[in-house]
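Just below is one structure, and these are the notes that go with it.
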2 protein chains.
Amino acid sequence: MAFSPVQLTSLGGLHAAVLNQLGQSIVRGDIAPGAVLPNADDLSLQFGVSRTVIREVVKVLAAKGMVESRPKTGTRVRARHDWNFLDSDILNWRFSAGIKSEEAKSIFELRRAIEPMAARLAAERATPADIATLERHLALMEHYADDSIRFAEPDLAFHQAILRMTGNELFSSLASVIETALVVSFHLTDDNPQGQRASLVLHRHLLEAIAIGDADRASAAVLVLLDEAEEDVRRSLGARRSQRASG
Amino acid sequence: MAFSPVQLTSLGGLHAAVLNQLGQSIVRGDIAPGAVLPNADDLSLQFGVSRTVIREVVKVLAAKGMVESRPKTGTRVRARHDWNFLDSDILNWRFSAGIKSEEAKSIFELRRAIEPMAARLAAERATPADIATLERHLALMEHYADDSIRFAEPDLAFHQAILRMTGNELFSSLASVIETALVVSFHLTDDNPQGQRASLVLHRHLLEAIAIGDADRASAAVLVLLDEAEEDVRRSLGARRSQRASG
DNA sequence: AGAATGATATTATCATATGAATATATCGCG
DNA sequence: CGCGATATATTCATATGATAATATCATTCT
């Protein structure tokens, strides 16, 4: 395992560049759990950066539960169950290069646990201002119904707004999971205006349930929405696979 | 806002000591969102450590979404909604010094979203070895039913085992939330053997539902368990408050 | 007033040195 | 030969001083 020098053209400076490289290498499994990383000097040479940067990166990876440093032994990759998979960096490293059908499933399992409860709480606690915010996001989605690129942003904002409306910061912190899900499905699905229009209707149902404070209906509406979204992803993954197979 | 020199007797070295101090200061609100931290040199002086340590700590806090550093501007505390509240460090900083009734409520809201689904998935996927593991943890709980200190550990292990049995790493990563909840309730509740015995029965129900693969019953059993646990915490918080009031 | 310019404070990075911890090898002794 | 004490080498942990990059702010010029 060797690394290439990082370019400082990378967004966020050398630290971010090295962090992403190393993080991805570990997530990809290039450096397996239990294995030790090259020592700080070697990493410094390989990446072409100072040890200062290397050490900061290692400390950040350690904070995410991915590695553990000890004198003499070196820095070793920890077991996967110690990693904080809800960390947005790890999510990105894991899924930016593509997603397997099983991984998509795991994201939807979590969303099915979180979002119905979030919608429920939102329905109980929403203020008129909150509803107005949702309306605004939904209006943008409607406006960009035929533009899948711009559609994604208000879609994400809509779901995140609901998480915030719970008034529970633990829920809000799960926004990165949903963001990952939406980014993945965006990269996956080809332009699909009728799918987006169907999605709009479901979002509208959800909004109305929240607006009238009907927690049960809000929860149910989210589930329907998630079914639809997962079906979309499932279809796209299938299409992609058969595309590769035939190509 | 000034900081005291850290002792290197602290577990985990200077880095961890400074990280905890700074992290707690921010979580407590001593340094409000939007405010800037003292610059690296000042922090170095105040904590009595080198800039190396300060910079590593700041990078880790940045990775948790709590601060943002820019040249000239300095390092400023980000808005709370950017913090990763599911991070175990942040959870500890938030709740180690005590917990408010509303915060306890927010933890249980999340647990009610997560754990029923986790139990459901566990019921569908559990292997005989998984069941045996749960039995082992439950046996330990039974063994320490009258020893609230040792009871906590297998209790936590039991719940975390279920999260792992989902086979979904996103769920496993929520273990820290449950750990925090159990640690908090442990510090809160006075010795309460009959409460623990009642809890044992509920855990047994849950285990049996998972063992026979009954997802609905497993999910329902968790909810009952959570109701009981929250009621316990609620009672303890009330008792503590009135204790303070009368003392 | 507004744009260009330079001074300044701060982080970002680098290079090097020293300290501390620990796994491994070595040596001495029974 | 076996075993424990000790030495040694390797690695991370921390410290320090210097330079680069960059964003802000005041100032100057138009």
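Every chain is numbered from 1 and lettered A, B, ... according to where its sequence line falls, protein lines coming before strand lines. Every heavy atom of this structure was used, including side-chain atoms; hydrogens, water molecules and symmetry mates were not.
Listed for the R78(A) side chain is no donor-acceptor partner under 3.5 Å among the backbone atoms of E68(A).
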Pick out the pairs of N or O atoms, protein on one side and nucleotides 10-14 of chain D on the other, that lie under 3.5 Å.
unit_1, atom_1, unit_2, atom_2, d
dT10(D), O4', K72(A), NZ, 3.4
dT11(D), OP2, N39(A), ND2, 3.4
dT11(D), O2, K72(A), N, 3.4
dC12(D), OP2, A40(A), N, 3.2
dA13(D), OP2, R55(A), NH2, 2.8
dT14(D), OP1, L14(B), N, 2.8

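In this structure, the side-chain hydrogen bond (donor to acceptor under 3.5 Å, both in side chains) partners of S69(A), at least two apart in sequence or on a different chain, are T75(A).
Screening residues 46-72 of chain A for ring pair (Phe, Tyr, Trp, His ring centres under 6.0 Å) gives F3(A)-F47(A) as the qualifying pairs, with residues at least two apart or on separate chains.
No side-chain donor-acceptor contact under 3.5 Å links D41(B) and S44(B).
Between E68(B) atom CD and dA23(D) atom C1' the separation is 13 Å, expressed in whole Å.
Between E169(A) and R94(B) there is a salt bridge, with a side-chain nitrogen of the basic residue lying less than 4.0 Å from a carboxylate oxygen of the acidic one.
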